[in-house]
Amino acid sequence: MANLVLDSFLSRSKSIAQAKQIQAHLITTGQFQFPICPSRSKLLELCALSLGNLSFAVDAFRQILTPSTNDWNAILRGLIQSPAPVDAFSWYKTMLRTSCRVDALTCSFVLKACARVLARFESCQLHSHVVRKGFIADSLLGTTLLDVYAKVGDLDSAEKVFDEMVMRDIASWNALISGFGQGDRPNEALALFKRMESDGFKPNEITVLGALAACSQLGAFKEGEKIHGYIKDQKLDTNVIVCNAVIDMYSKCGLVDKAYSVFEGMSCMKNRVTWNTMMMGYAMHGDGHKALELFQQMGHAGVTPDAVSYIAVLSSCNHGGLVEEGYRLFNSMESCGVTPNVKHYGAMVDLLGRSGRLQEAYEVINSMPMVPDMILWQTLLGACKTYRNVEMAEVVSWKLVEMGSKHDGDFVLLSNVYAAHERWTDVGRVREAMMSRNVKKVPGVSYIETKGMVHSFYNGDKSHENWREIYGQLDEIGFRIKEHGYVAETSCVLHDIGDEEKEHVLCHHSEKLAVAFGLISTDEGTPIQVIKNLRICGDCHAVIKLISKIYNREIVVRDLMRFHRFKDGSCSCGDYW
DNA sequence: CTAGGGTTAG
C-alpha cells in the first residue's frame, strides 16, 4: 500500500479496529520501526485525539524502539485533552532525557497542559526552555506562551511576553485582551481594544469576545453598547458565540431587557449556551418566572438541558424565592439524564437555607454523594447568619476553619458571635486561627460608569479627584437617613472599636461612595448603577433602600451574586441575599 | 492539516 493511500485511509478511520489494521500493516512492512515514520505519528495522533483512546496510543508508542519528535508530540497532545493533563509534565521530562529533539510544537503542547492545570511554576519553566532552545521568535509559540501566562493568572508575565514579541498578529492581541478581560484588569482590556485599531489591527469576532468580557465584568454598558454596535456593523453577529457573549454582557450590565431583545432577534441559530446564558441573566435579576418559562421553551425548541441549564433554573428559583419549584426541579434532574454535581447541591443548600430550613440544608450537605467543598459550607453559614442560628453557625464556621479557609468572612461571623456572648477566650481562638493562616481580606471595590468613564472606589477611598464633594454628599445622606429613623447596624464589623467608629467604617464602604458619586454626578431622576466585587453588606443595603426613597432615584447594585434594584425604599431581592 | 486567540456555572 502506497503511503498516500495509507494516509487517506488513516484520515477516514473511525474505529480502533481500523487503527489496528493500519498498525499491523506498518509492522509487517517494517515501517513501524523506522526512526521517522509520519504514518505512525499520524496513527498515534488519530488514536489519542479523534478516537479518544489514549491508552491504545500509549501502548503503540511503547512498542516503538526510537520514537520520533512527532510521536512524542502526538502523545503529549492527547494528554492535554485527557482527564489528567498533569501527566504531560512527566512525559515531557522523560522526553528530555532521551536523545529525541524537542521542537516548538512540543513546547506548545506542554504549555497548553500548564494552562489546563493552572500550573504557574511549570509555565515559567517552559518559558525558559522556549528561550534556551531558541524558539522565542516563533510568533505562534509566543502567543501560546502569553495566553498560558494569562490563563494561569500571571497577567504581568503575559503582558511582558506581548511587549517583547518580535512579531505580533491579531491572535497575540486577542490573547492579551481576553486575558485582561477575564482576569482582574478589565480596564486595560478595553484600553488595548482601543489601541489595537491605531496599530493597524481590525478587531474580529474573537477580539470582541475579550472586550465584551471586560464590559461584563465592569458593568460598563456604554462601552458594551458601542462594541455591540461594532459587532452589528461588521456582521460579527452571525457567530453564535458572539451573540451569547452580547447577551451575557447586557445581563451583567443590568440591562436584562436588552439582553432579551438580542436573544429574540438573533439571526443565527441559538444553541444550548444561548438558552443557558439568557436564563442565567434572569436568575441574576431575580426573575425566576421568566427563567422557568425559558426552560420550558427550550424544551419545546428541542434543546435538551444540561448541567448548566439546571444551575440556571435552580439559581433563578433561589433568587426569585421559588423554593418548592426548585425542589421539584432538582428531584427531576436524574430522570432528565443530568446527574447533580456539587454546584447543584450548592443551589439546593442555598434554596433551603433561604427558606430557613437550616437543618435540612445541613442534611443535604452531609448526605451528598461527593465530598462537600468550602462554598457549600459558606452558603450554609450565610443562611445561619440571616436566621441568627448561633449554634449551627459555630459548627459550620469551625468546619470551614478545619478545611483551611482563608476567607475573612468565615472568621468574622464566628468572632462576632462569640463577642456578642462575651466569650473572649473563644474570640481569641478565632483571632489566633486567622493570624496563623494569614487570612487575607479581599478589599471591597465598586465601579460606576458615568459619561463613558469607569470610576472605581475602595472602602474609605480618598483618591478620587472629587473626594471632598463625595464625602460631603455622604454626610448629607447620613443626616437625612437618620431623620427617616435609620440606625446603623454595626454587627457586621469586626475590630475592637466603639460603636461610633464602627458606624464610620460602614459609612465609607465602596458601594456607598459610588452611590454618593452617582448622586452628585448625574442628573436628578437618572438611574444609578453600581458594580461591587463582593456581596453587598447589610448596612449598605439598608442605606441604599432609604436613598432610593429620599432622593427618588432608582439604584441598581450588582454584587458578586446578583442584582439589587432599589426603588421607593425597597429592593428587588426582597431583603434576602 | 501537527501549532496560537473564543460563549453559560452554587
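Numbers restart at 1 for each chain; the letters A, B, ... are given by sequence-line order, proteins then strands. In this text, all values refer to a predicted model and were calculated from it rather than measured experimentally.
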Task: Set of side chain to side chain contact (heavy atoms under 4.5 Å, CB included) partners for A:Leu105, sequence neighbours left out - done: A:Asn73, A:Asp103, A:Phe109

Task: Pair A:Lys226 + A:Glu223, salt bridge at N-O below 4.0 Å - done: yes

Task: Side chain of A:Ser178 - closest among B:dG10, B:dA3, B:dG5 - done: B:dG5

In a table with atom names and distances, give each donor-acceptor pair under 3.5 Å that connects a side chain of residues 255-268 of chain A to protein atoms at least two apart or in another chain.
residue, atom, partner, partner atom, Å
A:Lys258, NZ, A:Glu225, OE2, 3.2
A:Ser261, OG, A:Lys258, O, 3.0

Open item on the list: Any donor-acceptor pair under 3.5 Å linking the side-chain atoms of A:Asn204 with those of A:Thr207?
Closed with: yes

TODO: Just grab all the side-chain hydrogen bond (donor to acceptor under 3.5 Å, both in side chains) pairs involving residues 296-311 of chain A, residues at least two apart or on different chains.
DONE: A:Arg272-A:Thr304, A:Asn276-A:Asp306, A:Asn276-A:Ser309, A:Asp306-A:Ser309

- [ ] Measure the distance from CG on A:Asp237 to P on B:dT7 and round it to the nearest whole Å.
- [x] 18 Å

- [ ] Can you figure out which of B:dA3, B:dT8, B:dG4 approaches the side chain of A:Val273 most closely?
- [x] B:dT8

Open item on the list: What's the closest nucleotide to the side chain of A:Asp350 if the choices are B:dT8, B:dG5, B:dG10?
Closed with: B:dG10

Task: Of the listed nucleotides B:dT7, B:dA3, B:dG5, the one nearest the side chain of A:Ala104 - done: B:dA3

TODO: Rounded off to whole Å, could you give me the CG-to-C1' distance for the A:Leu236 and B:dT7 pair?
DONE: 14 Å

- [ ] Check whether any side-chain N or O of A:Asp156 sits under 3.5 Å from a backbone N or O of A:Glu159 as a donor-acceptor pair, and report yes or no.
- [x] no

TODO: Identify, residue by residue, the members of residues 144-164 of chain A with a heavy atom below 4.0 Å from DNA chain B, and return them in order of residue number, or none.
DONE: A:Thr144, A:Asp147, A:Lys151

- [ ] Could you tell me which residues satisfy side chain to side chain contact (heavy atoms under 4.5 Å, CB included) with A:Ser55, sequence neighbours excluded, listed by chain and number?
- [x] A:Asn53

Task: Strand contacts (DNA chain B) in residues 277-310 of chain A, 4.0 angstrom heavy-atom criterion - done: A:Thr277, A:Met280, A:Val308

Open item on the list: Under a 3.5 Å distance rule, please check whether A:Arg77 uses its side chain to pair with a backbone N or O of A:Glu45 as donor and acceptor.
Closed with: no

Task: Listed partners of A:His228 passing ring-ring contact (aromatic ring centres under 6.0 Å, His included), at least two apart - done: A:Tyr250

Task: Side-chain (A:Asp199) to main-chain (A:Phe201) donor-acceptor, under 3.5 angstrom - done: no

Open item on the list: From C-beta outward on A:Ser172, which listed nucleotide comes closest to its side chain: B:dG10, B:dG4, B:dG5?
Closed with: B:dG4

Open item on the list: Heavy atoms only, 4.0 Å cut-off, all strands: where does A:Val342 land among base, sugar-phosphate and nothing?
Closed with: base

- [ ] Measure from CZ on A:Arg272 to C1' on B:dT7 and round the result to the nearest Å.
- [x] 14 Å

- [ ] Measure from the side-chain heavy atoms of A:Asn276 and tell me the nearest of B:dT8, B:dG4, B:dT7.
- [x] B:dT8

Open item on the list: Could you tell me how far apart A:Ile170 (CD1) and B:dA3 (P) are, to the nearest whole angstrom?
Closed with: 20 Å

Open item on the list: Rounding to an integer number of Å, can you tell me how far A:Met333 CE sits from B:dA9 C1'?
Closed with: 12 Å

- [ ] Scan A:Ile247 against the nucleic acid and name what it touches under 4.0 Å (heavy atoms): base, sugar-phosphate only, or nothing.
- [x] nothing

TODO: Have a look at A:Phe109 and say if it touches a base, only the backbone sugar-phosphate, or nothing, with a 4.0 Å heavy-atom cut-off.
DONE: base

- [ ] For A:Tyr282, check ring-ring contact (aromatic ring centres under 6.0 Å, His included) against everything at least two apart and list the hits.
- [x] none

TODO: Check DNA chain B against residues 253-268 of chain A and give the residues with a non-hydrogen atom under 4.0 Å, in numerical order.
DONE: none

Task: Members of residues 354-378 of chain A that approach DNA chain B, where some heavy atom sits under 4.0 Å away - done: A:Asp373, A:Ile375, A:Leu376

Open item on the list: Regarding B:dG6, can its base be found pairing with the side chain of A:Asn239 as donor and acceptor, where the two atoms are less than 3.5 Å apart?
Closed with: yes

Open item on the list: Given the structure, check if the side chain of A:Asp169 and the base of B:dG5 hold any donor-acceptor pair shorter than 3.5 Å.
Closed with: no

TODO: Kindly indicate whether the side chain of A:Cys384, heavy atoms from C-beta on, has any atom under 4.5 Å from the side chain of A:Tyr362.
DONE: no

Task: Pair A:Asn318-A:Ser315, side-chain donor/acceptor within less than 3.5 Å - done: no

Open item on the list: Under the rule for ring-ring contact (aromatic ring centres under 6.0 Å, His included), what residues qualify as partners of A:Phe221, not counting sequence neighbours?
Closed with: none

TODO: Could I get the full list of ring-ring contact (aromatic ring centres under 6.0 Å, His included) partners for A:Phe180, not counting sequence neighbours?
DONE: none

Open item on the list: Output the rounded distance in Å from CG (A:Leu126) to C1' (B:dG4).
Closed with: 15 Å

- [ ] Mind checking A:Lys270 for me? I need base, sugar-phosphate or nothing, with any heavy atom below 4.0 Å counting as a touch.
- [x] nothing

- [ ] Whole angstrom is fine here: how far is it from CD1 in A:Ile136 over to P in B:dA3?
- [x] 21 Å

